[in-house]
Novice: 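Just passing along the structure, written as structure tokens.
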Amino acid sequence: MHLISIDDLSVEQIESLFSTSDGFLEVASRPIKKVPALRGRTQVNMFFEASTRTLTSFELAGKRLSADVVNIKASGSSVSKGESLKDTILTLESYRPDILVMRHDKVGACRMATRYTNASVVNAGDGAGEHPTQCLLDLYSLRREFGDLRGMKVAIVGDVLRSRVARSNIFGFRKMGIDVRLVGPSTLMPPGVERWGVPIYEDLAAVHDVDVIYLLRMQMERARGKVPPVPSLREYSRLWGLSPARLRPGQRVMHPGPINRGVELTGDLADDARSLILHQVESGLAVRMAILYHVLAPHPEGDDLI
Amino acid sequence: MDATVHRPAPRLALRSRPPEHLLLPDVHLFDPACGLDRRGSLLVRDGVIAAIGETGGLLADAPEAVVLSHLGGCHVFPGFVDMHAHLRTPGQEYKEDLASASCAAAAGGYVLVAGMANTDPPVDGGPLASWVLDQADQVADVMLAQVGAVSHDLRGEVLSEFWELADAGVVAFSDDGRALRDLDLLLTALRYAGSIGRPVLLHLEDESLASDGMMHEGAWSARLGLRGIPGAAESGPLARDLEVLRAVVEERALRSPALETGGGVPLLHLQHLSTAASVRLLRAARAARLPVTAEVTPHHLLLGDDLVAGFDQSLKINPPLRAEEDRAALLAALVEGVIDCVATDHAPHAPHEKEVPFEDAPFGSIGLETAFPALYGGLVEMGSLSLSRLVDALSAAPCRVLGVAAPSLEVGSAADLCAVDLAEEWEVTTADLHGKSRNSAFLGRRVRGRVVMTMVKGARRFERAAEAGNDAHAGV
């Protein structure tokens with residue numbers, strides 16, 4: 001199977017993924033962190049756009065599952081010589097990979113890749129489209145921190161317009177019974193978002209009664225059109241930047257990273273115990289191991305994978 | 001949501017003066033907003049209208065009040081409000097400054113004037129807006145409001161920091177003097193300003209049609225050999241911009257009710273409309289219930305392009321004086337309230353700048369001292385416009401657009417008012433101008449109605465010498 005959009009997964013599949021993740025989380029605490037689940041399998045990580053945590057965690061996840069892992073980046077590959085995406089994938093297909101983990105700066109590139117390969121394609125972020133594995137690791141972090149997801153309240157704050165994380169998380173969170181609201185300047189809400197049935201608020205005061213404030217990265221590098229949606233990062237941080245003083249007792253803060261200290265949140269909040277940002281990274285490894293394992297399904301229930 | 005939503009309020013700056021204790025005896029009280037149209041006396045104390053009644057009764061209760069007996073027989077109106085003036089501060093104080101502009105405003109019966117952002121440098125940031133308003137607190141004898149620029153440095157590329165400007169107290173956003181060419185900028189500005197609850201004021205001008213134009217394009221521009229500015233230079237962008245407004249409004253309506261604009265102000269306000277075609281587009285937009293308002297200047301209501309034949313540089317104005325059918329359409333729209341308010345577009349230029357060949361002169365006319373007398377003499381006296389509609393258009397209507405409290409003659413209101421002798425007919429001369437510049441389109445024209453006294457927050461800010469026929473005047 002492929003994992004291109006969060007919509008590809010049912011609630012049951014997500015819960016099953018989390019059970020598997022629990023096991024892999026335990027593996028990460030062992031002195032020997034490697035299991036043979038994907039021995040003999042080939043995993044190709046194709047990253048056509050910069051990444052630190054996603055590439056690292058997918059590479060580490062594959063290696064801990066004993067897969068043969070190869071990384072390809074746009075720079076230093078034949079992509080930089082002008083090879084088309086189609087030809088790059090057809091070329092790799094000759095090596096019969098089992099899994100293609102792909103990041104690309106264009107929406108829909110991962111879906112296109114599925115047409116030219118027999119491998120399972122995992123979307124590791126396509127332009128402003130989706131980032132389903134981020135959504136799954138965020139849900140897993142929430143489950144670890146809060147237990148039951150159903151009925152939780154989460155405010156997603158900021159640059160929804162250009163965020164692939166938002167486009168996966170809004171739908172994935174709601175699928176799992178989380179009450180989602182969007183907060184930010186109307187210029188950072190994509191036109192049409194009002195038809196998603198998610199409440200939209202402009203004032204940051206709207207985060208006052210949520211359990212978790214999920215901050216999105218301001219993606220000035222993804223400017224579309226020539227008029228920036230907000231006048232300046234300075235004004236954005238003054239109105240929508242989160243500081244420890246704004247947090248109510250019990251509230252937690254999440255961010256997909258990389259954070260812009262002083263923009264979406266103050267530096268001291270990033271380092272605060274109420275920030276789950278590093279907790280998310282830790283969850284990411286276990287969840288991505290589970291994803292790699294599951295996309296090569298079917299695995300019979302109770303399969304002794306560890 | 002029970003969390004408080006942040007909504008900055010406009011800051012109105014004014015030099016404070018000790019409130020006076022005054023009696024305006026036997027005047028004609030006229031305020032359409034509270035249905036006042038009768039003779040009576042008005043007592044001002046502690047900055048507010050303390051009582052309305054008969055002179056004898058009021059004096060019995062307040063024997064120490066100073067009686068302004070020379071105002072007897074005058075009309076007393078809620079003070080006028082000009083939402084469109086160029087105060088030239090900072091940077092062009094040789095044309096006008098906050099003190100001189102406020103003198104001109106008070107002499108015209110104005111109690112509140114909004115200054116545009118196209119100064120040098122433009123008011124495109126909170127600190128500069130605060131600086132101007134702080135200066136006004138020192139020198140302004142009428143309330144001054146500041147408009148913030150829509151775009152950084154008026155370049156039409158990146159929004160200025162609207163929230164910072166709003167927190168500094170700006171009353172609206174406008175790049176007036178320049179059009180917003182880029183539709184994406186207009187769209188972004190309307191979305192962003194809508195959440196703040198401050199309107200965007202729009203100067204409509206297609207530069208490709210208007211560039212190098214000197215006057216209205218028509219029979220007179222053809223006859224005089226001056227390059228014309230076609231009406232479509234205004235109505236063309238208006239048609240386009242109203243479509244953007246419609247899209248933003250539909251989007252907001254579909255989002256949360258929390259996104260309603262604050263104070264019921266329009267999202268978009270059209271500045272200095274000048275053509276019949278623009279009026280037609282505005283009518284359709286209003287019929288479709290779009291949140292759009294509009295203003296018209298006294299000169300576009302009263303003066304036509306034929307007057308340019310005299311090459312008076314004060315009549316070189318942008319948008320230009322138009323044709324008779326344009327004036328008729330503007331007047332009809334004002335009468336019906338389709339155009340909400342009158343604004344002066346007071347645009348001072350130093351004599352040495354205007355005393356050049358017509359084609360080289362800068363655009364603009366001053367207008368604060370002459371707005372009411374010109375419109376009263378030219379329209380109300382002729383039966384073309386009711387006095388109540390004129391007073392509304394000069395006072396309450398612009399306040400509705402800006403979302404600020406309107407001057408009122410109701411007892412308990414701040415004493416922001418003016419007294420006008422409607423009987424006096426006079427010819428405008430440079431001696432009647434109180435600002436630094438002299439470029440009035442109404443110089444040499446007969447007007448009717450003299451502002452005799454203007455009061456802001458219960459203190460007299462302008463008072464004309466009591467002797468009838470005496471051209472001398474005195475600020476107080």
Side-chain angles (χ1 to χ4, degrees), chain A residues 153 155-162 170 179-210 213 220 223-242 245-248 251 263, chain B residues 1-8 124-127 148-153 155-168 173 180-197 244 246-262 267:
Chain A
K153 288 183 180 174
I156 296 178
V157 179
D159 192 351
V160 176
L161 181 68
R162 299 173 290 196
I170 291 167
D179 175 358
V180 177
R181 70 187 63 167
L182 304 180
V183 181
S186 58
T187 47
L188 286 178
M189 299 294 155
V193 72
E194 58 278 353
R195 296 178 197 271
W196 294 355
V198 188
I200 307 165
Y201 299 92
E202 290 181 334
D203 199 297
L204 189 58
V207 305
H208 73 114
D209 63 341
V210 299
I213 302 165
M220 298 307 263
R224 290 201 294 191
K226 59 181 171 169
V227 178
V230 294
S232 65
L233 291 178
R234 192 171 73 105
E235 174 143 308
Y236 178 83
S237 66
R238 196 170 68 83
L239 274 295
W240 292 280
L242 198 64
R246 290 206 77 129
L247 282 193
R248 301 206 170 198
Q251 284 187 324
V263 180
Chain B
M1 309 278 4
D2 61 355
T4 328
V5 171
H6 175 52
R7 288 254 188 252
D124 63 358
V150 167
S151 68
H152 178 68
D153 204 26
R155 272 184 279 167
E157 293 165 1
V158 178
L159 288 190
S160 57
E161 293 172 313
F162 278 18
W163 277 101
E164 187 192 65
L165 283 161
D167 284 331
F173 302 102
L180 297 184
R181 273 168 306 179
D182 190 316
L183 279 190
D184 193 22
L185 183 73
L186 175 66
L187 182 73
T188 308
L190 289 175
R191 282 195 181 124
Y192 203 68
S195 50
I196 301 175
V244 172
R246 191 177 54 74
V248 171
V249 167
E250 286 172 0
E251 175 185 292
R252 292 187 76 82
L254 284 168
R255 291 185 176 179
S256 154
L259 301 194
E260 288 301 310
T261 59
L267 276 178

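Note that this is a predicted model, so its numbers are computed, not measured. A note on names: the letters A, B, ... follow the listed sequences, proteins ahead of strands, and every chain is numbered from 1.
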Novice: To the nearest 0.5 Å, what is the distance between CD on A/E235 and CG on B/L165?
Specialist: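 These two atoms lie 8.0 Å from each other.
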Novice: Kindly compute the distance separating OG1 (A/T187) from CG (B/L190), expressed to the nearest 0.5 Å.
Specialist: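 Answer rounded to 0.5 Å: 11.5 Å.
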Novice: List the atom of A/V227, the atom of B/L185, and the distance in Å for their closest heavy-atom pair.
Specialist: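 Heavy atoms of A/V227 and B/L185 come nearest at CG2-N, 3.6 Å.
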Novice: Check the surroundings of atom CZ in B/R181: do more than 12 heavy atoms from other residues, nucleotides or ligands lie under 6.0 Å from it?
Specialist: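 No.
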Novice: Between B/S160 and chain A, with a heavy-atom cut-off of 4.5 Å, which part of the residue counts as in contact: side chain, backbone, both or neither?
Specialist: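 Contact with chain A involves the backbone of B/S160 alone.
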Novice: With a 4.5 angstrom heavy-atom cut-off, which part of A/P191 approaches chain B: side chain, backbone, both or neither?
Specialist: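 The answer is both parts of A/P191.
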Novice: Could you pull out the closest heavy-atom pair between B/Y192 and A/P185, with the gap in Å?
Specialist: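 B/Y192 and A/P185 have their closest heavy atoms at CE1-CB, 3.9 Å.
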Novice: Working to the nearest 0.5 angstrom, can you tell me the gap between B/R252 CZ and A/E202 CD?
Specialist: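 CD of A/E202 is found 5.0 Å from CZ of B/R252.
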Novice: Nearest 0.5 Å, what's the NE2-OG distance between B/H152 and A/S232?
Specialist: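 It is 10.0 Å, given to the nearest 0.5 Å.
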Novice: Do you know the tightest heavy-atom contact between B/L159 and A/P231?
Specialist: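 Taking every non-hydrogen atom into account, O-CB, 3.3 Å.
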Novice: Can you tell which part of B/E164 gets under 4.5 Å to a heavy atom of chain A, answering side chain, backbone, both or neither?
Specialist: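 Contact with chain A is through both the backbone and side chain of B/E164.
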Novice: May I ask you to test the A/R238-B/E161 pair for a side-chain heavy-atom distance under 4.5 Å?
Specialist: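 Not in contact.
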Novice: To the nearest 0.5 Å, what is the distance between CZ (B/R191) and CE (A/M189)?
Specialist: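 Here the interatomic distance stands at 11.5 Å.
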